[in-house]
Structure formats: C-alpha cells, structure tokens
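One structure below.
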Amino acid sequence: MNLMTKDLLINFLIILFPLFILQMSYLVKFVYRLDSLKGWFLSIFPILSLVLCMLFPVVIEKDFVWDLRWIPFLLGGLYGGYRLGIILIIITLFIRYLTGGENGFYISCITFPLIGISLFFISKYYLKISVSKKIFVGVSLIFFVHILTQFISTQLFDLTIGISLWKQYFTIQVIGIIIVIILWEVIMANFQVLEQLVKAEKLQIVSHLAASISHEVRNPLTVTRGFIQMLSEDVSPQTKVKYASIALQELDRATDVINDYLTFAAISPENTDRLRVSDEIKHVVNSIKPLAIKNRVDLKISVFDDKSYYIVGESKKFQQCLFNIVKNGIESMSVEGELSIHVHHAASTIQIKIQDEGIGMSQEQIGRLGEPYFTTKNTGTGLGMMVSYSVIKSMEGTIYVSSAQGKGTCFALNLPIHAYESM
Ligand code: ADP
Ligand code: MG
C-alpha cells in the first residue's frame, strides 16, 4: 500500500472518531433526558471532523494539502442547513489560510464557497430521499468536486497533479463518503427508533393506568353507589348498618388501589416508623389466612426473637409489600402446598425468606419482576410486584429471587436492621 493511502486512511479514522462521539453523546443525552442538546448538537460532528482532518493532513507538496475535509464539509452542508454550511466554509478557509501555500488557499477560496452554496440548494431535496439516492448524491458531489478542483488548478493556476495520486485520493474519498453516509443514517435511524419506543411505552403506561383505574376503582365505586342508594329505601336499621359497612368496605378497596399506585409513586416513605418485623408478619399472615385456607395452603412461620431490633419504614406499605409476595406464593400453588416464612438475623440486615412450592418462574420472568403490568395470570394486575419492589427499594433493602420451575420460588428480602440502644 502506498504511503499516502495509509495516511489518508488515518485521516478517514479521524472522520469516524467524531461519529463515534456523536453516537455516545446521543446516548448520554437520551439516558439523562438532556432535551436542550438538540439542534446545535448534531453540528459537532462535521465541525470536529473537519477541523481534525485539516489539522492532521497528508501533505504532498507546497501548494497542495491533501486530506479528506470534503467528506465532513459535504455532509455538514447536506444535513446541517445553511448556517452550518457558512460556519464550515469560514472554518475551512481560516485553517487553510494558516496551513500556508498561496495557490492552494486561493483554489479553496473558489471551490468551497461555490460548492457550499450549491449544497444549500441540494440539501432540501437531499433530506427527503432514500439512503441509496443519498449515497448517489454524495458520490456525485465528490466526483464534481474533483473535476472542479482539477480544472481550476490546471487551468487557472497551472499546477500539475500526478494522476496516480489523484486516483487514490478520489477512490478513498468515494469509499469514505459512502461509509460515512451509511453510518450517519444508521445512527439517526437508531435514535429515532429509540425515541419512538419511549413514546410508545409512555402511551402504553397511560392506557394501562386508565384500564386498571377503571377496572379496580370504578367497580368498588359502582357497588358503593348501589348500596348508598339502597340506604334511602325503606329498610330495617340492621340492614342499613349492613349496607353501610359494605359500602365502606368497597370504598376502602378503591382507596387501597389508589394507595398501591401512590405507594409505588412515592420514592421514599413519608411517615417512617420503627417496625418490628415479627409484628408486621403476624399482621399480614392474619389477613391472608382466609385465602390460604381456601387454596389449602399451609402457612409455616418461624421468626427469631426480635424484641430488641427494628427496621425503618412505613407499616402500611411494608405490610402491603409482604402481602403481595405471600399472596403470589399462595396463588402459585394450584394444588395444596406449604408456604414458609422464615426470618433470621444476618450481619447487618434482617432477612425474610418467603418460600412456596408453586409453579416457579423462568429466568426471564424473574428478570421482569417489578415491571409494571407484568403478569402471567388471566385476572392479574401486574401491580403487586411493582409495589413490593418499590417499597423494599425505598427502605434501602434488596430482594433476591430464586426459583425452580415446577418446584417453587423463594423471595429473600434483606432489610437494614437497627438495634435499640440498651439503657
Ligand atoms: P399479579 O399477581 O397480578 O399477576 P404481580 O405483580 O403480583 O401481579 O406478579 C407478577 C407475576 O410474577 C405473576 O403474574 C407471576 O407470573 C409472577 N410471580 C410472582 N410471584 C410468583 C411466585 N411466587 N411463583 C410464581 N410466579 C410468581
Ligand atoms: Mg400478585
């Protein structure tokens, strides 16, 4: 390979480097939602490429400075609009002036503004066409640039350029512009898809939210309304008391669903208390007993003596969290089985292990736990785990799930433990 070709390839790498930065910074912008980084941000790529290309050129002779500056220049003009075009012309001519070689500078003074202005007209059309046509336009422009430069240098400035060098230079530029156009299009397409995905996901969350609210909140409200209406009818005081209590229960249920959402939405619990794990578990077990009996599930509890220890959190939320996990465990067993809750004291945490003998989960399902609306049940809401995970997270705890399909699942909750100071 000719020495010059090698140098031009290095020059080409310099063009790819800003593209790589562009891709990375786009990701950063995406992850941190930096919306302010929009328009001007894309112009970093051509400007940086152009400057680097010209600062590390392949110098051939006094009047000629060879590099691949035409690639970022053309692309900047085509994609970036006239303002970027003007900036690029000024930067090119400025750097070209500093690099020296009078004739070469004059040639640039003619070619760059000329091509720059024509790019302004082509770019409107260029942005609307398919990738293959864009490549065609790019290659044609390179071709045109070469003929123009050749013509001006030989006719106006009486310079001769070696034909073999010229061929290499031309070939690398054509390959270069094709690769860069494809890369640029792929990067842009990637981010468009990414942005569409996020939008679609948001819409999905909203529609799910609407669906669950209408399902889980409207139903209890409708029932409540019915019973309140019946209160006004001529019925015995006892019946009235019964109706009122049903209406209240239903209202509580609606409140609970809303609380589930709010539990999830609240990043840190507002009313933190000192909780004793054994008390909280007793509470949850009592309220879930009817379901366990109905599904013929044995509940086995073993808790160490935790009189002198406490965890920090909000009782209602923590109970909700345990309740959701235990309920899933019970529901996972279609025939009778055993669900054990085992609490023990580890180094600086308290560990609650909730083990069932149910259907178990695949690795993929475990990975999706805590994701809103993830459910494999016909009548599931997919909110339970989302709430449990967010509660444990807000208590600065962790959840480990191990599961064997057909055998059972174990949820291990680790929560920071505190000891009462002995007086
Ligand atoms: P839901 O119970 O309404 O489906 P959850 O958020 O409580 O929603 O649970 C999400 C999913 O996680 C369940 O549909 C189930 O597939 C899976 N899952 C959770 N806990 C268990 C378990 N103990 N055994 C088997 N699968 C479970
Ligand atoms: Mg559930």
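In each ligand, atom 1 is the first atom listed, and ligand 1 is the first ligand listed.
Under the side-chain contact (heavy atoms from CB on, under 4.5 Å) criterion, Glu364 pairs with Ser362, Arg368, sequence neighbours left out.
Applying the 4.0 Å criterion to heavy atoms of Gly329 picks out, from ligand 1, the atoms 23 (N). Here is the list of ligand 1 atoms found below 4.0 Å of a heavy atom in Gly360: 25 (C). Close approach to Lys377 involves these atoms of ligand 1, each under 4.0 Å from a residue heavy atom: 1 (P), 2 (O), 4 (O), 13 (C), 14 (O). Residue contact check: Thr376 has heavy atoms under 4.0 Å from atoms 13 (C), 14 (O), 15 (C), 16 (O) of ligand 1.
The one candidate from Leu74, Leu50, Asn11, Ile15 that meets the side-chain contact (heavy atoms from CB on, under 4.5 Å) condition with Arg69 is Leu50. Just one of Phe191, Tyr79, Phe20 meets the ring-ring contact (aromatic ring centres under 6.0 Å, His included) condition when paired with Trp184; it is Tyr79.
Remark: side-chain polar atoms of Thr349 are not paired, donor with acceptor, to backbone N or O of His345 under 3.5 angstrom. Although no hydrogens or angles enter the test, the distance criterion places a donor-acceptor pair under 3.5 Å between the side chain of Ser403 and the main chain of Met361.
Only the side chain of Thr409 comes within 4.0 Å of ligand 1, judged by heavy-atom distances. Contacts between Ile325 and ligand 1, counted as non-hydrogen atom pairs separated by less than 4.0 Å, are absent for every part of the residue.
Residue contact check for ligand 1: Gly358 places no non-hydrogen atom closer than 4.0 Å to it. Residue Asn324 places every heavy atom at 4.0 Å or more from ligand 1. The shortest heavy-atom distance from Met361 to ligand 1 is under 4.0 Å.
Between Phe143 and Phe170, the gap from one ring centroid to the other is short of 6.0 Å.
Between Phe304 and Tyr309, the angle of the ring planes lies from 30° to 60°, which puts this pair in the tilted group. Aromatic ring pairs are classed by plane angle as parallel below 30°, tilted from 30° to 60° and perpendicular above 60°; the pair His418 and Tyr310 is parallel. Trp70 and Phe73 have perpendicular rings, their planes meeting at more than 60° on a 0 to 90° scale where under 30° would count as parallel.
Nearest to atom 9 (O) of ligand 1 by heavy-atom distance, out of Val326, Asn328, Asp356, is Asn328.
Between Ser49 and Ile71 there is no side-chain heavy-atom pair separated by less than 4.5 Å. Side-chain contact between Thr92 and Met54: present, with at least one pair of heavy atoms (C-beta onward) separated by less than 4.5 Å.
Taking distance alone, with nitrogen or oxygen atoms compared against 3.5 Å, Leu369 stays at or beyond that limit from ligand 1. Taking any N or O of Thr375, backbone or side chain, at least one lies under 3.5 Å from an N or O belonging to ligand 1.
Screening the protein for N, O or S atoms under 2.8 Å from the Mg ion (ligand 2) yields 1; no waters enter the count.
In this structure, Lys134 is positioned above the aromatic face of Tyr126, its NZ or CZ under 6.0 Å from the six-membered ring centre and within 45° of the axis.
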